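Read through the structure below, which is laid out as structure tokens, and then see the notes.
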Amino acid sequence: MKKIMSVLAVSVLFCNVAFAANTARFENTLNTQGLDQAVVEAMAEGTSLDVIMTQALAIEGMNPQAVIIALLTAGADVGAVATVAANNGVSAQIIARATQQFVSKGTTDTQAYTPAARPASFVASIPVSGVPGGSGGGAPAGRYASPSRLR
């Protein structure tokens, strides 16, 4: 029985250390690179949505709406985020407002207009050697040389 209790105590200790390391890393990234990047990195490490939401909401002054939008922007499922937010005490109105803001944000095109490149001129690819006035002649070659004029 002592062995089981000691193994259980050691495993709880390691879990607490790992959780504290994840929390410190999350807060460090949050302070240096922002909430969106912190959420992306936490999700890339395999941290669950519940843990991310709990860590973020534990930070004083954190806006739950911003956390929800960051999770959705990082690619989390809308239903899963809504469930996790509700389980962490976020009101239904805030969840709905954040989801609506995310959807409206996703439909606006933020990419600047870039015109298409101009196609290469067809005239420049017509060979002019052997055409009177084309290479070395006195008169310039016509823009569209007709074969009937070459006689």
Side-chain angles (χ1 to χ4, degrees), residues 1-129 131 133-135 140-146:
M1 185 69 170
K2 284 184 177 180
K3 288 182 182 181
I4 293 173
M5 292 303 280
S6 62
V7 168
L8 184 61
V10 169
S11 64
V12 168
L13 177 67
F14 283 127
C15 290
N16 285 340
V17 170
F19 184 74
N22 282 342
T23 302
R25 188 178 312 120
F26 181 81
E27 287 188 27
N28 184 33
T29 306
L30 176 72
N31 291 331
T32 58
Q33 298 176 4
L35 178 63
D36 290 334
Q37 186 63 33
V39 169
V40 168
E41 286 183 12
M43 287 180 68
E45 292 172 356
T47 308
S48 70
L49 296 178
D50 187 47
V51 171
I52 295 172
M53 181 71 74
T54 304
Q55 287 178 352
L57 293 178
I59 298 170
E60 186 177 337
M62 181 59 68
N63 183 354
Q65 186 172 338
V67 176
I68 294 170
I69 292 171
L71 285 168
L72 294 173
T73 303
D77 180 55
V78 176
V81 171
T83 302
V84 166
N87 291 343
N88 281 290
V90 179
S91 71
Q93 292 84 6
I94 292 175
I95 296 170
R97 195 174 322 132
T99 305
Q100 182 181 16
Q101 186 176 356
F102 170 73
V103 170
S104 67
K105 177 181 159 184
T107 58
T108 58
D109 185 13
T110 58
Q111 183 177 5
Y113 171 74
T114 307
R118 296 185 86 188
S121 175
F122 176 71
V123 176
S125 64
I126 297 175
V128 291
S129 61
V131 177
S135 58
R143 186 171 178 131
Y144 299 102
S146 170

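All of these numbers come straight from a predicted model, not from anything done at the bench.
- Distance CD1/Ile59 to CG/Leu30: 4.5 Å, rounded to 0.5 Å.
- Each of Asp77, Ile52, Val78 was compared with Leu71 under the side chain to side chain contact (heavy atoms under 4.5 Å, CB included) criterion, and only Ile52 meets it.
- Of the N and O atoms on the side chains of Glu41 and Thr29, at least one donor lies less than 3.5 Å from an acceptor on the other residue.
- In this structure the side chain of Glu27 never reaches within 4.5 angstrom of the side chain of Gln55, judged on heavy atoms.
- The CZ atom of Phe26 sits 11.0 Å away from atom CD of Gln37, with the distance rounded to the nearest 0.5 Å.
- The heavy-atom pair separating Ile69 from Ala98 by the smallest distance is CG1-O, 3.7 Å.
- Side chains of Asn88 and Asp50: a donor on one and an acceptor on the other come within 3.5 Å.
- Atom-to-atom distance recorded for Phe102:CZ and Leu72:CG is 5.0 Å, nearest 0.5 angstrom.
- Taking the side chain as every heavy atom from C-beta outward, Ile95 and Gln65 never approach each other to under 4.5 Å.
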Derivation and outcome, side-chain contact (heavy atoms from CB on, under 4.5 Å), residues Leu35 and Met62: CA-CA 10 Å; Leu35 178 63; Met62 181 59 68; 4.2 Å; yes
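- The main-chain N or O of Met43 is never found under 3.5 Å from a side-chain atom of Thr47 such that the two would form a donor-acceptor pair.
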Intermediate values then yes/no, side-chain contact (heavy atoms from CB on, under 4.5 Å), Met53 and Ile68: CA-CA 8 Å; Met53 181 71 74; Ile68 294 170; 4.0 Å; yes
